[in-house]
Amino acid sequence: MIKKHLTKTLFATTFCATVLMSSFAAQAAVIKSMRFWQSPESTRVVFDLTSPVEHELSVLKNPDRIVVDIPDSRVSVDLNQLEIKSDLVKRVRQSKPPREGVLRLVLDLNKSAEPKSFSLKPYQEYSDRLVIDLLNEKREAIKPPESAVGSNRDIVIAVDAGHGGEDPGALGPSGTREKDIVLKLSKELVDAINAEDGLKAVMVRTGDYYIPHRKRTDIARKNRADLFVSVHADGFKSPKARGASVWVLNLYGAKSEVARWMKLQEEKSELLGGVDSTVVLSEYDNSVRSVLLDLQMESSIAESFKVGKKVHSAMKRVAPKMHKNHVEENSLLVLKNPDIPSILVESGFISNPTEERLLKTSQYRKKLATSVKDGIVEYFKSHAPDGTKFANLYRKNIYHVKRGDSLIKVAKRFNTSVNEIKKVNKMNSNTVRIGQKLVIPN
C-alpha cells in the first residue's frame, strides 16, 4: 500500500511540474523576428514579440558589443539568417545566460555605440516590440551647405518626408504605406527645387528610418533652412475622404474633425518613435525671453500662412481636388518652429482608393511636386531674405518720396522713365506725395 501511494505521489508531482513547465512555455515571450533600420546617425534594432518583456542592456568593449538579457523569453527566428541592414551591427548571436530562465542575445558591433531602449505597444500590423537604438558615438555634426552662408546665397528649404522606419503612417486600401509614397514625393520635390537657380533643398529623411519630430526640425535648423516643408499623405477612417491640403501651425488646436484625426495620428507617430509627445514651445525661464519667443513664433506663423497660400494655389491647379479652399490650421508638433516658417503638405488621402492610385504614379507625383515648388518660388519672389540670389533677382526696389521730389527727378535718379514708373505702380497721374512708396523698375 505504501509503495503504491508513493508512486501516485511521484506521478502527481511529475504531472504538476510538467503542467507548470508547459504553462511557463505558453506564457514565455517569443522573439519571432528582428528588423534593422539605419539612419545617418544611428541604427534601430526592433525585436518583434508575442508579448511585452522586461530587459537589461550591457555595453561591453574589446570587442564592442551590446548584451541584451530578456527573462522568460525565447527566440524563434534563425539568427544566422537575419537581414542586417546596418553598418554598425555585425551580427546577432545567442550566448550563455547569466542565470536560468534568461535569454541572452549579443549584438556584435563594428564600432562602439551608445544604446537606448524602450518598448512599443501593438499598432496596425505590428505586435509588441522591444526597440534598441544604437547611437554612433563618433557621429559627425551636420554641416550646413556652403550655399547657406555668405552673401548672394541660395535660399535653403528643408524637405521632410513624414513617418519612416517603424512608423508606416497611413495605409492605403491596397496596402500602400504613406512613408514610402512621401519619401518618393519628397525626393521629387527636392529635384524640382534644386532645378531653380537660387534655391537649395535639403532632405531631412533620406531613407526608410524614423526621426522624432523635434529631431527633424533640428536637422532643418542645423542646415540653416529658410523654410520647412513636411510632406504627408493623409489617412482617414472613411475611404470617401479626399483632397490635398496645406497646413500651418495654430497654437489654439484643431478646428475640424479631420484636424483632430490628424493630431491623433501624429501622437501615434510619436508613440511609434518612442519619444515624449509633450510639446514645450519654450524652455526659457525668463519671462522676457518667453515674450520674445512668442513674438518670433507669431512672425513665423504669419510667414507660414503666406507661403502656405502660394503653395495651396499652385497645388489647386494640379490636384483633382483640394480638401478645403483655404490653408488649414492645427497644433501639429512638426510645425512648431519659432524660427523657421513651416508648412505641412498633405498630398491627398492615401485611404481613398482613387487618390492612392494617383499617388502611386510617378507622373502625378512629379506634377504635384512641381506645383509645390512653384508655390515656394512665388512666395520667395516677394519675400526673399536679405543677401540671397532671389533677393537680387526678384526683389523690387522701393523708393520713399521725399520733399521736393517729382516723377521726373525720381526717374532720372534711377535711370528709368516716368512712364515705366507709372506702369509698374499703376499710376494714372504724375502727382506724388511725401512718404509715398514707389516701386522702381529693374
Side-chain angles (χ1 to χ4, degrees), residues 10-39 42-136 164-168 177 208-210 268 271-275:
L10 287 171
F11 173 79
T13 304
T14 304
F15 175 79
C16 289
T18 303
V19 170
L20 286 173
M21 289 179 65
S22 299
S23 175
F24 169 79
Q27 294 177 0
V30 178
I31 300 175
K32 54 186 181 180
S33 64
M34 293 180 64
R35 290 171 290 117
F36 301 81
W37 309 96
Q38 179 168 307
S39 75
S42 65
T43 292
R44 172 163 288 189
V45 184
V46 182
F47 296 173
D48 291 304
L49 309 164
T50 56
S51 59
V53 296
E54 298 293 330
H55 69 283
E56 294 180 4
L57 292 182
S58 303
V59 181
L60 301 179
K61 301 288 185 180
N62 300 320
D64 293 310
R65 58 202 187 278
I66 305 294
V67 176
V68 188
D69 289 329
I70 309 175
D72 305 332
S73 300
R74 61 186 178 86
V75 59
S76 64
V77 63
D78 186 348
L79 299 180
N80 294 318
Q81 298 298 319
L82 292 177
E83 186 179 0
I84 301 178
K85 299 177 181 178
S86 170
D87 295 334
L88 186 58
V89 181
K90 186 187 303 181
R91 64 171 177 162
V92 181
R93 56 184 170 85
Q94 196 167 342
S95 184
K96 183 179 179 180
R99 58 189 180 277
E100 188 176 353
V102 175
L103 170 66
R104 168 163 284 185
L105 296 176
V106 179
L107 278 64
D108 290 323
L109 307 179
N110 290 313
K111 55 184 176 180
S112 60
E114 175 188 346
K116 177 183 177 182
S117 63
F118 51 89
S119 297
L120 293 177
K121 296 179 181 179
Y123 180 76
Q124 291 184 1
E125 75 269 29
Y126 294 125
S127 59
D128 283 286
R129 285 151 292 159
L130 170 62
V131 178
I132 301 174
D133 282 336
L134 303 174
L135 307 177
N136 297 336
E166 196 62 13
D167 176 11
R177 297 179 298 187
D208 189 10
Y209 51 86
Y210 182 84
K268 286 182 180 178
L271 177 64
L272 283 165
V275 297

Would you name the heavy atoms of [X] and [Y] that are closest together and state the gap between them?
X    : Y    : answer
L103 : S73  : CB-O, 3.6 Å
K111 : D64  : C-OD2, 3.6 Å
V67  : R104 : CG1-NE, 3.4 Å
I66  : A113 : CD1-O, 4.2 Å
K90  : L109 : CE-O, 4.0 Å
G164 : Y210 : O-CB, 3.3 Å

From the list L79, I70, D48, side-chain contact (heavy atoms from CB on, under 4.5 Å) with I31 holds only for I70

Approximate separation, where rounding is to 0.5 Å, of [X] [atom1] and [Y] [atom2]:
X    : Y    : atom1 : atom2 : result
N136 : Q38  : CG    : CD    : 8.0 Å
D167 : Y126 : CG    : OH    : 8.0 Å
S112 : L60  : OG    : CG    : 12.5 Å
R129 : S33  : CZ    : OG    : 10.5 Å
I132 : S42  : CD1   : OG    : 13.0 Å

Whether [X] side chain and [Y] backbone form a donor-acceptor pair below 3.5 Å:
X    : Y    : value
N110 : D87  : yes
R99  : P97  : no
E54  : P71  : no
R65  : P63  : yes
D208 : G165 : yes
S127 : L49  : yes
R74  : A29  : no
T50  : V30  : yes

Indicate yes or no: at least one non-hydrogen side-chain atom of [X] is less than 4.5 angstrom from one of [Y].
X    : Y    : answer
L107 : L134 : yes
F47  : L105 : yes
L57  : V59  : no
R44  : Y209 : no
F36  : V89  : yes

Check your understanding: Checking salt bridge (charged side-chain N to carboxylate O under 4.0 Å, His left out) for the pair R91/D108: CA distance, chi angles, key distance, verdict?
Key -> CA-CA 5 Å; R91 64 171 177 162; D108 290 323; 2.8 Å; yes

